[in-house]
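In this chain, residues are counted from 1 in sequence order. In listed order, ligands and their atoms are each counted from 1. All values derive from a computational prediction rather than experimental measurement.
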Amino acid sequence: MNNTQERIIEILINRGKELLNQPYKEIEFTGNPKADDLLNDIKNFPHAFVLACIMDRQIKAERAWLIPYEISKKIGGFEFQRLIKISQDEFKKIFNRKNLHRFNDTMAGNFYLGIQKIHENYSDDASNIWEGKPRSATVVKRFLEFKGVGVKIATMATNILARDFKIPMSDYICIDISPDTHVKRVFKRLGLISPNAGNYELIYSARELNPEYPGIFDLSCWEIGRNWCKPRKPDCKNCYLHLDCPKKI
Ligand code: SF4
């Protein structure tokens with residue numbers, strides 16, 4: 001790595017830390033204010049966030065993240081004690097009637113099993129998954145233990161908890177960069193990955209560049225991608241990396 005690249009990395013990491021330390025702001029998961037309020041209320045409804053993560057498969061994320069709210073409308077609320085009384089068959093009926101997911105029976109089953117796991121392993125309180133400043137690996141592993149959750153969703157969930165909800169963890173080693181289009185485009189134009197890089201090259205480059213928190217690049221690269229490094233006509237003269245960027249456009 002040359003001096004210019006080292007400088008770029010340092011700037012991105014410092015900006016990432018700055019953004020990470022900003023106070024929590026409500027996250028827009030779906031664009032539906034009521035659904036987003038429910039998902040953001042991890043103090044009172046931590047299970048809404050966990051169950052939405054479990055639903056985030058094979059359909060658009062916005063549709064998956066709406067599911068807890070759609071169910072709350074159907075059953076009159078989203079309190080855990082209300083959910084635990086509902087059978088798997090009842091969930092299947094709700095999913096199918098409202099066509100909540102592409103795979104209604106399977107995902108209704110995963111939804112039901114998610115509730116059972118929160119009941120049995122976490123004493124009805126999903127926030128116990130991330131309570132007590134756990135290691136990032138512990139949080140990823142706990143999400144993986146839910147039926148239907150793979151590595152991509154488990155790391156995404158852990159990333160949102162650390163980055164957006166500001167949940168303290170004792171390390172951030174297992175929080176990978178998200179293979180988001182903005183982030184990938186900025187990494188390519190900065191010459192940090194090859195022009196045809198896939199998601200794995202991006203993930204391993206971020207791990208190599210900042211092993212203690214590979215996901216730190218999400219924040220700064222997403223901001224650059226959204227504000228200046230647009231897919232067409234990047235606004236390089238206003239981008240704060242202008243002087244160092246090789247502009248591989
Ligand atoms: S200087 Fe231009 S190409 Fe480089 S990151 Fe900024 S906007 Fe993108």
(message) Just to verify, what does D36 make a side-chain hydrogen bond (donor to acceptor under 3.5 Å, both in side chains) with, not counting sequence neighbours?
(response) T30
Show me, pair by pair, the donor-acceptor contacts under 3.5 angstrom made by side chains of residues 59-66, not counting sequence neighbours?
unit_1 : atom_1 : unit_2 : atom_2 : d
R63    : NE     : L100   : O      : 3.3
R63    : NH2    : N99    : O      : 3.0
W65    : NE1    : D56    : OD2    : 3.1

(request) Name all residues meeting the salt bridge (Lys or Arg N to Asp or Glu O under 4.0 Å) criterion together with R82; count only those two or more places apart in sequence or in a different chain, and write none if there are none. (result) E79
(request) Less than 2.8 Å from atom 2 (Fe) of ligand 1 is the window; count the protein N, O or S atoms in it. (result) 1
(request) Please name the pair of heavy atoms, one in K85 and one in Q81, separated by the smallest distance, quoted to 0.1 Å. (result) CG-O, 3.4 Å
(message) Testing L190, L219, I216, L209 one by one against L12 for a side chain to side chain contact (heavy atoms under 4.5 Å, CB included), which residue passes?
(response) L190
(request) Classify the angle between the aromatic ring planes of F49 and F143 as parallel (below 30°), tilted (30 to 60°) or perpendicular (above 60°). (result) perpendicular
